[in-house]
Structure formats: structure tokens, C-alpha cells
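Computed over heavy atoms, backbone and side chain alike; hydrogens, waters and symmetry mates excluded. In the text below, chain A, chain B and the rest are named by the order of the sequence lines, each starting its count at 1. Predicted, not measured: the structure shown is a model, and the values here were computed from it.
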Amino acid sequence: MTNREIAKLLQHVAAAYTIKNEQKYRFQIIAYQKAADAIMGTTEEIKDLIKEKRLEKLPGIGPSIRSHLEELIKTGKVKRFEWVKSGIPQTVYPLLDVPTLGPKKAFKLVTHFDLKNPKTVIDDIEKIATQGKIANVEDFGEKSQEDILQAIAEFRQGSGKTTRMVLPFAGELAERLLIYLKRSKDAVDVQPLGSLRRMKDTIGDIDFAVATTNPKAVIDYFVAYPQKERIIEKGPNTASILLSNGRQIDLMTQPPDAFGSLLQHFTGSKNHNIHLRNFALSKGMSLSEYGIKKLGKTHKFKTEEELYKFLGMEWIAPELREDTGEIELALRQAQGKHPGLPRLIELKDIKGDLHIHSNYPIEPSHDMGKDTMEEMLKKAKNLGFEYLGFSEHNPSVSKHTSKQIYTILARRKEKIEGLNESKKYIRSVNLLELDILANGNLAIDEKSLGELDACLVSIHSSFNMNKKDMTKRVLDALAHPKAKILCHPTGRMLNERQGYELNFEAVFDFCKKHNKALEINAWPNRLDLPDTLVRQAVKYGVKMVINTDSHALWQMDMMKYGVAVARRGFATKGDIVNTLPYNEFVQWLSS
DNA sequence: GCCGTTTTCGGCCCGACTGTTTTCAGTCG
């Protein structure tokens with residue numbers, strides 16, 4: 001069972017409890033939802049966590065759910081879950097994926113119409129709604145019948161929040177809306193918030209906060225956005241629209257003197273907010289997007305800094321707000337204790353990009369870059385870098401003899417040396433992105449490797465290996481003295497495929513011991529290492545590099561997204577090798 | 001069912017909006 005399937009199962013248990021008796025089981029419902037979130041959020045497999053007795057370390061998983069999951073992995077089912085789900089038709093669960101349908105409505109519908117087939121239940125509901133039969137069911141009406149049809153249609157198209165965007169795409173979309181919203185004369189300040197501000201790797205919907213003294217005017221202006229498909233909801237202070245490209249945009253307003261509270265509230269994450277509100281409660285305060293109520297008086301905050309300070313903690317960078325320990329660190333920081341919050345790496349700390357594909361005619365095994373080395377060096381200088389690492393793919397092994405490969409690389413080395421000697425550009429580093437063959441060997445021989453300063457190594461083939469063999473393959477490749485960086489280490493492609501299996505503890509140990517670095521690849525649908533693994537690498541003391549993997553000039557601007565991943569993983573400047581000045585960097589490269 | 005800078009027992013975030021209703025339930029973030 002995958003983590004996703006296990007998380008789904010826990011959500012279904014929560015839904016079943018909701019249907020059975022929401023009041024009686026209200027805390028179990030919260031607990032099961034939280035446990036489901038925790039399992040969705042971890043990169044490690046549940047069966048491994050059980051084997052290593054670390055499952056209860058996940059926040060939200062205690063002795064009870066732990067033992068249920070052990071039973072699940074061992075026998076394939078859980079007695080307690082069967083009991084909770086008894087008497088509830090299987091057809092309820094597929095409907096939960098349709099927006100506006102929750103456990104209660106789904107249950108009412110499938111029992112009223114006696115729907116039995118989970119595989120066709122969405123089609124069945126659609127058909128019944130089209131026939132106008134839902135409007136007659138108690139607690140439903142004409143409007144909710146229409147809403148259900150709408151929701152099913154949009155669900156099928158993957159609209160709204162049913163599919164997620166990769167971060168850079170969401171960034172561009174938000175930029176266009178930001179320009180529109182700022183044109184409203186009633187908008188004093190406009191900020192994109194939510195998971196976009198936290199720079200999460202994928203984004204569901206885009207959230208905006210607006211500071212205004214005239215919320216009605218701002219809301220009316222917002223829902224008149226030209227690319228709007230329809231208004232999802234519209235109230236006096238908030239509204240949601242669906243764009244014609246299927247994306248949902250949420251907007252909230254507050255007066256300028258309470259804007260800090262709104263920024264905090266709408267940035268989230270949900271779990272960060274819940275923790276913060278619980279903490280406030282324990283101090284006799286109540287926190288909401290309006291401010292903090294204390295002894296009957298509501299305190300308003302213009303800025304987030306003032307709000308966090310009022311709670312007795314240091315301001316927390318949005319990238320850290322996932323309730324994974326940042327609140328405790330912010331409290332310690334404010335009290336002058338160590339460790340406090342990490343001093344996170346910033347874009348301006350980056351001194352070079354080491355994963356660059358130029359159009360140098362290297363006759364590669366994979367895709368080639370579009371622009372010349374010279375053009376890319378000029379761009380790198382504009383970005384404020386001191387050095388640039390050329391790392392085209394190795395020449396195709398099947399189409400060349402090793403002698404031909406050597407000739408190509410020797411010529412390329414001369415070219416790069418020429419660029420450096422001309423002194424017209426920032427420093428070039430002579431690297432290469434080498435395929436790791438299925439047997440763990442590098443794609444080119446010793447003589448050719450001698451023509452490089454160092455190399456990056458990557459898995460580009462034979463993904464379907466078991467964890468043990470894949471780990472050995474990677475470590476064998478990294479054992480070569482010239483191999484310094486493991487590229488896009490999990491191999492995942494967001495919204496496309498999961499990565500291959502790798503024993504990251506073993507990889508961390510090896511990298512730490514032999515001074516190798518793991519890449520944080522900033523390519524939009526890679527963002528690999530993922531933030532959770534960055535955090536573990538930081539803890540292990542493993543060095544990382546942040547690269548764009550650019551195949552064209554414009555892609556070199558993606559560095560900020562790689563930096564965001566590093567920040568979400570609590571990385572400081574000291575954890576990232578390409579923050580080093582040139583001389584220290586080349587020293588590391590030959591270490 | 002989970003969890004601890006008051007606690008291993010006794011708490012558990014806070015609010016917006018909609019539809020179907022005459023005061024609230026359900027869903028969402």
C-alpha cells in the first residue's frame with residue numbers, strides 16, 4: 001500500500017466517524033484527519049517506519065493509530081476500521097473527492113437512491129441530478145442540485161483544487177492577478193499568500209489578501225476579473241472565483257490597521273495556525289484574522305512582526321510555517337535561547353550555478369541546451385554570480401567509441417579554458433552531467449574523466465530497481481573521486497511520476513563521510529531534493545548545491561525556486577556549497 | 001485519538017459563506 005492509499009483510508013475512517021456521530025467522535029475525526037495529513041506529508045514509506053519503530057514520531061500518530069497501521073500492513077485490514085465503516089456504503093467515499101460534497105451529503109444521497117457501485121457512483125449521481133430528482137430530497141433543493149452537477153463537471157476537468165500547479169506556474173498566474181488587483185483604487189495593499197507565499201512545491205489555489213477600507217468595492221472589482229469563469233462565492237469580506245483555465249482564486253480583505261493579522265491568517269499553513277491559536281489559548285488569548293482577543297479587548301496588528309511579538313515569539317519566515325517545530329524555535333529565539341530559528345539562505349547568497357546545459361556540440365545522450373556558453377556566462381554575470389559550471393550530458397555512449405568521447409571532451413576542455421583565459425567572462429567550471437549506468441559505473445572512462453574538473457552524476461535510466469540495488473548503484477557512482485554532486489536525487493517529476501526508491505540514510509552517511517553534495521534541482525517540476533529531505537540532510541550535516549539545470553537562458557532565473565526549497569528545508573548559507581566564493585568552491589570540488 | 005513552556009488528564013482554532021431554512025447544518029480554508 002502506498003502512503004497515499006493509507007492516507008485516503010484514514011480520511012475515510014474520519015468520514016465514517018462523521019457520518020456515524022459527529023459530536024461523539026469529533027476529536028477522533030480531527031485525529032484521523034491529522035494522521036492522514038502526516039502520512040501524505042512524509043517521504044518515507046510507512047512499512048519502513050513501522051519496521052524501524054519510528055511511526056509514532058510522526059506528529060499526529062499515537063499508540064492507537066500506530067497499532068492499527070501495523071495491523072494494516074501485516075494483514076491487509078484493520079478490525080477497528082471495519083467496525084467504524086460498517087453500515088456505511090462504499091459509494092460514499094468516491095463522492096468525497098467532489099467539491100461541495102462532504103460525508104453527510106454524500107451519505108444522504110447514496111442511501112436515499114440506494115447506490116451500490118463505487119465505480120459508477122459519480123456517474124450515477126450525475127444522472128440522477130440531470131433527471132431533477134435530487135431537488136426533491138430533504139435538505140437539498142434546485143440550487144444544490146445544480147451545484148452538484150457543476151462540481152462533478154469541474155471535478156472531471158481537474159478544475160479548482162482537484163489538481164495542483166507546480167510552484168513557478170502558480171507564481172506567474174499570481175503575478176497577472178496581482179497587477180489587476182493593484183489597479184483597484186480601493187486596494188491599499190495586495191499580497192499573494194497561502195501555499196504560494198510559503199513557496200510549497202505544488203499549489204492548489206491562489207490566495208490574495210487586500211488591505212482596504214472599502215471591502216465591497218474591492219470584492220466587486222475582484223469578481224469582475226476578465227478571465228473569470230464563474231463566481232464560487234462572494235460575501236462582504238471574502239470571495240472566490242474560478243478562472244477559465246480552471247484555477248481557483250480566493251480573496252480576503254481587512255482594514256489596513258488589521259492587515260498583519262490577515263497576512264498571518266491567510267499565509268497558513270492550517271496546522272501552523274491551529275498550533276498558534278492553541279498556544280494563544282493557553283495564554284488566555286484568542287487569535288483570528290481580526291486580531292487577538294485578550295481580556296475582552298481585541299488587539300489589531302498592522303504587521304506580522306507585531307503579531308508574533310505580541311505572542312512572545314520571533315517573526316517566522318513563511319517557508320517554515322508548516323508546524324514542524326518552527327513555533328517552538330521562534331519562542332526560544334525571542335527568549336534569547338539556542339537553538340532558535342535558522343538564519344535561512346537567501347537568493348543573494350548564491351555565487352554560481354553548476355548545472356548548465358549550453359549548446360556546445362557534445363553529441364549528448366539526452367537533450368542539449370539552446371544557447372552558447374558565452375551567452376550563458378553573460379546572463380550569469382547579470383545574476384550576480386562569480387562562476388558558472390557547464391555540465392552538459394555526456395556524449396552518447398551508444399553512438400561513440402570511448403576514443404571519440406575523449407576527443408570531444410578534450411576539445412571542450414580547450415574551449416572552456418579559452419573562455420577563462422580571455423578574462424571576458426566570470427569563471428567557467430568544466431563539469432559534465434554523467435549518466436549512472438545500471439551497474440553503478442559512470443558513462444565515460446577514466447581517460448575522459450581526466451578532462452573534467454569534476455562531474456555531476458544522475459540516474460536517467462533503469463528506474464525500476466529495488467531500494468537496496470538502487471542505493472548501491474548510486475553510492476558506487478558517487479565513490480569515484482571526480483563525482484561530487486548527485487543530481488535530482490529522488491528522480492521525481494511533480495504531477496507525473498514518483499521517484500525511484502533510495503535509502504536516504506545510507507546516502508546521507510556516505511555524502512557526509514566522503515564530502516559529496518546532493519543537488520537541489522530548481523527545474524519547475526522537479527524541485528528535487530524535496531524540502532522534507534533537505535531538512536533531513538541539514539540535520540545530518542550533508543552539503544547541498546542549488547542548481548537550475550538550465551537548457552536555455554531564461555531558465556537561469558529559476559534559481560529562486562531552488563532557494564525556496566532549501567529555505568523550506570531549514571537550510572542556511574553554510575549548508576549550500578555554491579554560496580562559497582570561487583576559490584573556496586574549487587577547493588571543495590577537488591577535495 | 002493525540003498531546004504537554006500550566007497538564008500523563010483534560011483539554012482540543014476560528015471564522016466565512018451558501019442553501020434551505022426561519023435559526024442552522026454542511027463545507028471549506
Side-chain angles (χ1 to χ4, degrees), chain A residues 10 13-15 17-19 22-38 56 58-69 80 84 95-96 98-108 134-148 151 160-161 193-195 204-207 215 219 231-240 248 250-254 261-262 264-293 311-313 323 327-332 334-335 337:
Chain A
L10 296 179
V13 173
Y17 270 132
T18 309
I19 293 163
E22 189 176 20
Q23 269 312 301
K24 182 174 170 191
Y25 296 117
R26 60 190 185 282
F27 299 117
Q28 279 89 337
I29 293 164
I30 295 169
Y32 273 90
Q33 279 162 346
K34 200 165 179 228
D37 287 347
E56 256 177 84
L58 287 185
I61 301 209
S64 178
I65 293 182
R66 193 240 325 133
S67 91
H68 291 328
L69 292 184
R80 175 74 191 175
V84 178
L95 292 181
L96 299 179
V98 178
T100 75
L101 289 183
K104 301 271 185 78
K105 286 188 186 177
F107 181 73
K108 266 181 205 155
I134 287 182
N136 304 324
V137 182
E138 196 184 8
D139 296 329
F140 290 83
E142 290 286 347
K143 187 69 174 70
S144 42
Q145 178 169 275
E146 267 172 53
D147 289 350
I148 287 168
K161 54 199 162 5
L193 302 176
S195 50
D205 46 31
I206 296 180
D207 303 316
I219 300 273
I231 298 168
I232 296 171
E233 61 180 30
K234 176 173 178 260
N237 294 306
T238 77
S240 296
Q248 182 174 332
D250 298 337
L251 181 136
M252 296 182 85
T253 63
Q254 279 289 328
S261 290
L262 182 58
Q264 195 288 314
H265 163 77
F266 216 11
T267 297
S269 65
K270 185 179 81 179
N271 285 338
H272 176 87
N273 285 356
I274 289 174
H275 190 153
L276 213 57
R277 287 166 181 200
N278 274 323
F279 176 80
L281 275 182
S282 74
K283 302 287 180 196
M285 302 182 263
S286 172
L287 171 62
S288 77
E289 63 265 44
Y290 293 96
I292 297 177
K293 271 185 234 162
L311 291 169
M313 52 187 87
D323 191 28
I327 290 173
E328 292 81 354
L329 293 175
L331 281 166
R332 297 175 62 89
Q335 293 160 4
K337 292 186 196 161

Could you tell me the separation between the [atom1] atom of [X] and the [atom2] atom of [N], rounded to a whole number of Å?
| X | N | atom1 | atom2 | answer |
| --- | --- | --- | --- | --- |
| Gln248(A) | dC17(B) | CD | P | 14 Å |
| Glu138(A) | dG19(B) | CD | C1' | 14 Å |
| Leu58(A) | dG1(B) | CG | P | 18 Å |
| Leu276(A) | dC14(B) | CG | P | 11 Å |
| Tyr25(A) | dC12(B) | OH | C1' | 18 Å |
| Lys104(A) | dA25(B) | NZ | P | 9 Å |
| Ile274(A) | dG11(B) | CD1 | C1' | 15 Å |
| Lys270(A) | dG29(B) | NZ | P | 9 Å |

Which one, [options], comes nearest to the side chain of [X]?
| X | options | result |
| --- | --- | --- |
| Pro63(A) | dT20(B), dG26(B), dC2(B) | dC2(B) |
| Ala31(A) | dG29(B), dG26(B), dG1(B) | dG1(B) |
| Phe266(A) | dC2(B), dG29(B), dT20(B) | dG29(B) |
| Glu233(A) | dC17(B), dT5(B), dG19(B) | dC17(B) |
| Ser144(A) | dG1(B), dC14(B), dG19(B) | dG19(B) |
| Arg277(A) | dG1(B), dC14(B), dT20(B) | dC14(B) |
| Ser282(A) | dC14(B), dT6(B), dC17(B) | dT6(B) |

Within-4.5 Å side-chain heavy-atom neighbours: [X] and [Y]:
| X | Y | value |
| --- | --- | --- |
| Met252(A) | Leu193(A) | no |
| Val137(A) | Lys108(A) | no |
| Leu276(A) | Gln264(A) | yes |
| Ile274(A) | Asp323(A) | no |

Please report the distance separating the [atom1] of [N] from the corresponding atom of [M], rounded so that it comes out in whole Å.
| N | M | atom1 | value |
| --- | --- | --- | --- |
| dT23(B) | dT18(B) | C1' | 15 Å |
| dT7(B) | dC2(B) | C1' | 14 Å |
| dT6(B) | dG1(B) | P | 28 Å |
| dA25(B) | dT20(B) | C1' | 9 Å |
| dG26(B) | dT22(B) | P | 14 Å |
| dT8(B) | dC3(B) | P | 16 Å |

Is [X] touching bases, backbone alone, or none of the nucleic acid, heavy atoms closer than 4.0 Å?
| X | result |
| --- | --- |
| Ser286(A) | sugar-phosphate |
| Asn273(A) | nothing |
| Lys34(A) | nothing |
| Tyr290(A) | sugar-phosphate |
| Lys337(A) | base |
| Leu287(A) | sugar-phosphate |
| Asp207(A) | nothing |
| Gln28(A) | base |
| Lys105(A) | sugar-phosphate |

Would you indicate, yes or no, if [N] has its OP1 or OP2 atom less than 4.0 angstrom from a side-chain nitrogen or oxygen of [X]?
| X | N | value |
| --- | --- | --- |
| Thr100(A) | dG26(B) | no |
| Lys234(A) | dA16(B) | no |
| Asn237(A) | dA16(B) | no |
| Ser64(A) | dG1(B) | yes |
| Thr238(A) | dC17(B) | yes |

Do we see Phe27(A) stacking on the base of dC12(B), given a limit of 5.5 Å between centres and 30° between planes?
-> yes
Who does dT8(B) pair with, Watson-Crick or G-U, both distances under 3.5 Å?
-> none
With DNA chain B as reference, determine whether Arg80(A) or Gln145(A) sits nearer its 5' end, using the nearest nucleotide of each.
-> Arg80(A)
Between Ile65(A) and Leu281(A), whichever has its closest DNA chain B nucleotide further toward 5' is Ile65(A)
Closest non-hydrogen contact found for Leu311(A) with Phe279(A) is O-CE2, 3.3 Å
Is Gln145(A) reaching over with its side chain to a backbone N or O of Ala135(A), donor-acceptor style, under 3.5 angstrom?
-> yes
Atom pair CD1 (Ile219(A)) and CG (Asn237(A)), whose distance is rounded to the nearest 0.5 Å | 7.0 Å
Mind checking the CG-CD1 spacing from Asp139(A) to Ile134(A)? Nearest 0.5 Å is all I need.
-> 13.0 Å
